[in-house]
Amino acid sequence: MDERRLGTAAGLSAYGLWGVFPLYFPLLEPAGGLEIVAHRVVWSLLFISLLITVLRRWSLVRAAVTDARTMLVLAGASVLIAANWLVFVYGVNSGHVVETSLGYFINPLVSVLLGVVVFAERLRPLQWTAVGLATVAVAVLTVDYGRPPWIALTLAATFGSYGLLKKLVRVEAAPGLLVETAVVVVPALAVLAVLHATGRGTAGTAGTGHLLLLLSSGIATAVPLLLFAAAARRIPLSTLGLLQYLTPLMQLAIGVFVFSEPMPPARLAGFAIVWAALVVFTVDSLRSARAAGRRAAEQVPAVA
């Protein structure tokens with residue numbers, strides 16, 4: 001029970017930290033999205049390298065980089081998560097926090113669809129209902145926005161695909177993040193070099209406080225991922241699946257109540273349909289988890 005409480009606390013902390021990211025990234029202005037993501041990559045790599053040194057986990061990193069299949073998968077994951085970071089920062093700093101929250105609301109449903117496409121998984125009837133409701137919601141929001149909600153769809157697609165790739169390899173959170181950031185650190189350094197050579201870099205021109213905030217992006221990136229990994233090891237996936245909705249709920253509240261982004265009736269209707277889809281999806285997931293638990297209990301041989 002203590003382990004479960006610890007896991008729940010770690011999960012709440014991880015999702016809570018991700019939930020306040022819309023308040024954090026505006027603090028990094030006047031840096032643009034590309035510069036922010038480049039700094040995030042560089043300082044994440046340095047922070048995780050230090051952490052792995054302290055924890056003596058370099059053997060896990062060596063095991064990952066010497067396996068060709070693992071490296072290929074992690075390289076693909078690194079591109080996807082970098083794209084996700086870039087779109088998220090753009091969405092937050094361009095006044096579309098509500099739309100970024102939508103991306104993480106629909107992410108579980110996108111992950112289910114990816115399972116169908118990639119692994120030929122068969123959906124249960126309630127899962128198809130949830131996916132159908134989400135499709136209707138996207139159509140409603142497309143009419144409301146006057147365009148497809150591409151920020152939300154891109155966030156859901158990149159993060160869902162990232163999660164899918166991470167399921168293909170068994171690598172701990174810290175070594176995995178180190179390899180992923182190492183894959184894209186050279187392009188990140190090139191971006192920073194070009195920005196500073198052309199006078200558009202802000203790290204050395206916007207004050208010490210701004211520089212320290214950019215440096216903190218490495219910690220801000222790594223800590224929630226490590227907390228999430230700690231939670232995943234200690235609590236059931238069904239519980240973790242419920243906790244994940246904390247992040248988009250917080251982001252939605254920040255967008256509406258802190259940044260005063262509009263929520264007209266049509267947009268609210270679209271979100272309401274998404275929430276209905278998530279209720280159906282969650283109920284089905286919990287029922288499936290309970291059924292699996294009962295089957296497992298029935299298969300345990302009796303003790304003489």
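Keep in mind that this is a model prediction, so the values were computed, not measured.
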Locate the shortest heavy-atom distance separating [X] from [Y]; write the atom from each residue and the value.
X: Ala31; Y: Leu214; value: CB-CD2, 4.4 Å
X: Ala134; Y: Ala277; value: N-CB, 4.0 Å
X: Thr158; Y: Leu80; value: CB-O, 3.8 Å
X: Ser101; Y: Val98; value: OG-O, 2.5 Å
X: Val110; Y: Ala157; value: CG1-CA, 4.2 Å
X: Pro108; Y: Phe281; value: CB-CE2, 3.9 Å

Sorted by chain and number, sequence neighbours left out, side chain to side chain donor-acceptor pair (under 3.5 Å) with Asp144 holds for Arg267
Residues that Thr53 engages under side chain to side chain donor-acceptor pair (under 3.5 Å), provided they are two or more places apart: Trp58
Give the cluster check for [X] versus [Y]: same hydrophobic cluster or not, with ILVMFWY residues linked at side-chain heavy-atom distances below 4.5 Å.
X: Leu155; Y: Tyr162; value: yes
X: Val97; Y: Val258; value: yes
X: Met71; Y: Ile48; value: yes

Do the side chains of [Y] and [X] get nearer than 4.5 Å, heavy atoms only?
X: Met263; Y: Phe271; answer: yes
X: Val171; Y: Leu60; answer: no
X: Val92; Y: Phe21; answer: no
X: Leu17; Y: Phe228; answer: no
X: Pro149; Y: Thr142; answer: yes

Could you pull out all residues at least two apart from Arg124 that satisfy salt bridge (Lys or Arg N to Asp or Glu O under 4.0 Å)?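 With neighbours one apart ignored, the set is Asp284.
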Salt bridge check: are Arg147 and Glu99 linked by an N-O gap of less than 4.0 Å?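 A salt bridge links Arg147 with Glu99.
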Check Leu46, Leu45, Ile52 against Ser49 for a side chain to side chain contact (heavy atoms under 4.5 Å, CB included) and give me the one that passes.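 The side chain to side chain contact (heavy atoms under 4.5 Å, CB included) with Ser49 is passed solely by Leu45 among Leu46, Leu45, Ile52.
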Got a sec: does the CH2 of Trp128 have more than 12 other heavy atoms crowding it under 6.0 Å?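 Atom CH2 in Trp128 is not packed in, count stays at 12 or less.
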Plane angle bin for Trp43 and His39 - parallel if under 30°, tilted between 30 and 60°, otherwise perpendicular: parallel
Flag the pair Trp18 / Tyr15 as yes when their ring centroid distance falls below 6.0 Å, and as no otherwise.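 Centroid separation for Trp18 and Tyr15: below 6.0 Å.
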Are Ser161 and Leu114 close enough, and set up right, to give a side-chain contact (heavy atoms from CB on, under 4.5 Å), and what steps lead you there? CA-CA 7 Å; Ser161 300; Leu114 287 171; 3.8 Å; yes
Nearest-0.5 Å distance, CD of residue Gln251 to OH of residue Tyr104: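 Atom-to-atom, Gln251:CD and Tyr104:OH are 7.0 Å apart.
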